[in-house]
Student: 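One structure follows; several queries about it will come next.
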Amino acid sequence: MGFEVIPAIDVAGGRLASYSPGGPVPASAFDGDPLAAAAAYVAAGTRWVHVVDMDLAFDGLARNLDVVHAIAALGVQVQASGGISTIDQARAALEAGAHRVVLGSAALVDEAAAIEAVASLADRLFIGIEVDDGRIRPRGTDGVDLPLVETLGWLAGGGARAFLVTAVARVGTLDGPDVAVVERVVRAGRPVIAAGGIASMHDLASLRAAGAVGAVVGRAALEDGIELEAALGSALG
């Protein structure tokens, strides 16, 4: 299986944003226009764009489905993410034009509902695994603290198709990915996409060596820390 480099776009109130523990903050790249960012990524050759609805993630309100629709209309496949916790929210993103969605880690507190979502959406649903200090602890959510290995076990046993694992402490830092966490999730026997801290081609190579099938690149793509066209056109892409 090839290695997919997926640039990310975080959106709040229809505009580009970046993550902070207190909530989204405006991003100045591309004059804050998420469609302009997506168009640049498409021009660089990406097949996927990862779109995070930060309003849904922080406030529980999906305010950016029109952005998902507009980006999908560029002819690129959209991976929708950001606080998706129910089948209805997942389906809304798919109906807006997303090719697949990422179920947020906070949804994993309800094992039966998570397995129902897996059964209903099959390969159009990836499971988000946000890891902090070896535990599943999603950002922006209080009181969710799940064991990593046991949770991966029942998800894999329940038919989960793939995981998006995010190293929470490294999101937006450009400090490099948490390769050890990726290796742990890979052992569950499902395809794994990695996110958090990715800053260089070396980071991408390290993730591929760890067994990941792809990487979501956020700040490094937005701020040109990674030359996206080169990454997409390399043997990694």
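Quick note: residue numbers are just sequence positions, from 1.
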Student: Whether the side chain of D175 engages the backbone of R170 through a donor-acceptor N/O pair (distance < 3.5 Å, no angle test) should be reported.
Tutor: no
Student: Side chains of L108 and L155, heavy atoms from C-beta outward: is any pair under 4.5 Å?
Tutor: yes
Student: Under 3.5 Å, side chain of D53 to main-chain N/O of L56, donor-acceptor pair present?
Tutor: yes
Student: If you take all heavy atoms of G134 and L148, which pair is closest and at what distance?
Tutor: O-CB, 3.6 Å
Student: Verify side-chain contact (heavy atoms from CB on, under 4.5 Å) between V216 and Q79, making sure each step is shown before the conclusion.
Tutor: CA-CA 10 Å; V216 171; Q79 177 173 277; 4.0 Å; yes
Student: Can you name the one residue among V102, V185, I193 that meets side chain to side chain contact (heavy atoms under 4.5 Å, CB included) with F163?
Tutor: V185
Student: Heavy-atom distance under 4.5 Å between the side chains of Y41 and L232, does that happen here?
Tutor: no
Student: Is it true that R91 and S120 share a donor-acceptor pair across their side chains at a distance under 3.5 Å?
Tutor: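 The criterion, which ignores hydrogens and geometry beyond distance, is satisfied for R91 and S120.
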Student: Under 3.5 Å, side chain of T151 to main-chain N/O of L146, donor-acceptor pair present?
Tutor: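 No; zero donor-acceptor contacts below 3.5 Å.
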Student: Answer whether the closest heavy-atom distance between the side chains of D10 and L222 falls below 4.5 Å.
Tutor: no
Student: Looking only at atom types and distance, does a side-chain atom of D55 sit under 3.5 Å from a main-chain N or O of A62, one as donor and one as acceptor?
Tutor: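 Checking the backbone N and O of A62 against the side chain of D55, no donor-acceptor pair under 3.5 Å is found.
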Student: State yes or no: do V217 and V181 share one hydrophobic cluster built from I, L, V, M, F, W and Y residues joined by side-chain heavy-atom distances below 4.5 Å, directly or via other members?
Tutor: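 They do share one cluster, since a chain of ILVMFWY contacts under 4.5 Å joins V217 to V181.
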Student: Verify, without hydrogens or angle tests, whether R124 (side chain) and L94 (backbone) share a donor-acceptor contact under 3.5 angstrom.
Tutor: no
Student: Do L35 and I71 make a side-chain contact, defined as non-hydrogen atoms from C-beta onward lying under 4.5 Å apart?
Tutor: yes
Student: With a 4.5 Å cut-off on side-chain heavy atoms, are V131 and D178 touching?
Tutor: no
Student: Has H99 got more than 12 heavy atoms of other residues, nucleotides or ligands less than 6.0 Å from its NE2?
Tutor: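 Atom NE2 in H99 is crowded, with more than 12 foreign heavy atoms closer than 6.0 Å.
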Student: Are V149 and R184 close enough that some pair of their side-chain heavy atoms sits under 4.5 Å apart?
Tutor: yes
Student: Which heavy-atom pair separates A188 from A156 by the least distance, and what is that distance?
Tutor: O-CB, 3.9 Å
Student: Atom CG in L103, atom CD1 in I84: separation rounded to 0.5 Å?
Tutor: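 The CG atom of L103 sits 8.0 Å away from the CD1 atom of I84.
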Student: Can you give me the closest heavy-atom contact between T46 and P7, atom names plus distance?
Tutor: OG1-CD, 3.2 Å
Student: Working to the nearest 0.5 Å, report the span between CD of E111 and CH2 of W154.
Tutor: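 If I round to the nearest 0.5 Å, the distance is 4.5 Å.
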Student: Between R137 (side chain) and D132 (backbone), is there a donor-acceptor pair under 3.5 Å?
Tutor: yes
Student: Same cluster or not: are L174 and I226 linked, directly or through other Ile, Leu, Val, Met, Phe, Trp or Tyr residues, by side-chain heavy atoms under 4.5 angstrom apart?
Tutor: no
Student: Find the distance between CD1 (I9) and CE (M54) and round it off to the nearest 0.5 Å.
Tutor: 13.0 Å
Student: Verify the neighbour count for atom CZ of R63: are there more than 12 heavy atoms of other residues, nucleotides or ligands below 6.0 Å?
Tutor: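 Yes, enclosed.
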Student: Please indicate whether E116 has more than 12 foreign heavy atoms, meaning atoms of other residues, nucleotides or ligands, lying under 6.0 Å from its CD.
Tutor: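 For E116, atom CD is not crowded (no more than 12 foreign heavy atoms under 6.0 Å).
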Student: How long is the gap from CG on L125 to CZ on R100, to the nearest 0.5 Å?
Tutor: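 Between atom CG of L125 and atom CZ of R100 there are 10.5 Å.
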Student: Side-chain heavy atoms nearer than 4.5 Å, only ILVMFWY residues, links allowed to pass through others: does that put V118 and V109 together?
Tutor: yes
Student: How would you list, by chain and number, every residue that makes a side-chain contact (heavy atoms from CB on, under 4.5 Å) with A72, sequence neighbours excluded?
Tutor: V78
Student: V52, I6: one ILVMFWY side-chain cluster at the under-4.5 Å cut-off?
Tutor: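 No, no single cluster joins them.
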Student: Can any side-chain N or O of S105 pair as donor or acceptor with the backbone N or O of G128 at less than 3.5 Å?
Tutor: yes
Student: Is the shortest heavy-atom distance from the side chain of I127 to the side chain of R190 under 4.5 Å?
Tutor: no
Student: For R15 and D33, run side-chain contact (heavy atoms from CB on, under 4.5 Å): C-alpha distance rounded to whole Å, both residues' side-chain angles, the deciding distance at 0.1 Å, then the answer.
Tutor: CA-CA 6 Å; R15 304 291 291 170; D33 183 351; 4.2 Å; yes
Student: Same hydrophobic cluster for L228 and I198, using side-chain heavy-atom links shorter than 4.5 Å among ILVMFWY?
Tutor: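 Yes, same cluster.
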Student: Just to verify, what does R219 make a salt bridge (Lys or Arg N to Asp or Glu O under 4.0 Å) with, not counting sequence neighbours?
Tutor: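 With neighbours one apart ignored, the set is E223.
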Student: I'd like to check V171 versus R139 (side-chain heavy atoms, cut-off strictly below 4.5 Å). Are they in contact?
Tutor: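 They are in side-chain contact.
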Student: Does the pair V186 and V165 meet the rule for a side-chain contact (heavy atoms from CB on, under 4.5 Å), with working shown?
Tutor: CA-CA 10 Å; V186 165; V165 57; over 6 Å; no
Student: What pair of heavy atoms forms the shortest contact from P191 to R161, and how long is it?
Tutor: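 For P191 versus R161, the nearest heavy atoms are CD-O, 3.1 Å.
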Student: Check A37 against F30 and note the closest heavy-atom contact, atom names and distance.
Tutor: CB-CD1, 3.6 Å
Student: Looking at CD of E95 and NE2 of H69, how far apart are the two atoms once the value is rounded to the nearest 0.5 Å?
Tutor: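 E95 atom CD to H69 atom NE2 measures 12.5 Å (nearest 0.5 Å).
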Student: Grab the two heavy atoms, one from L204 and one from A215, that are nearest each other, plus how far apart they are.
Tutor: CD2-CB, 3.7 Å
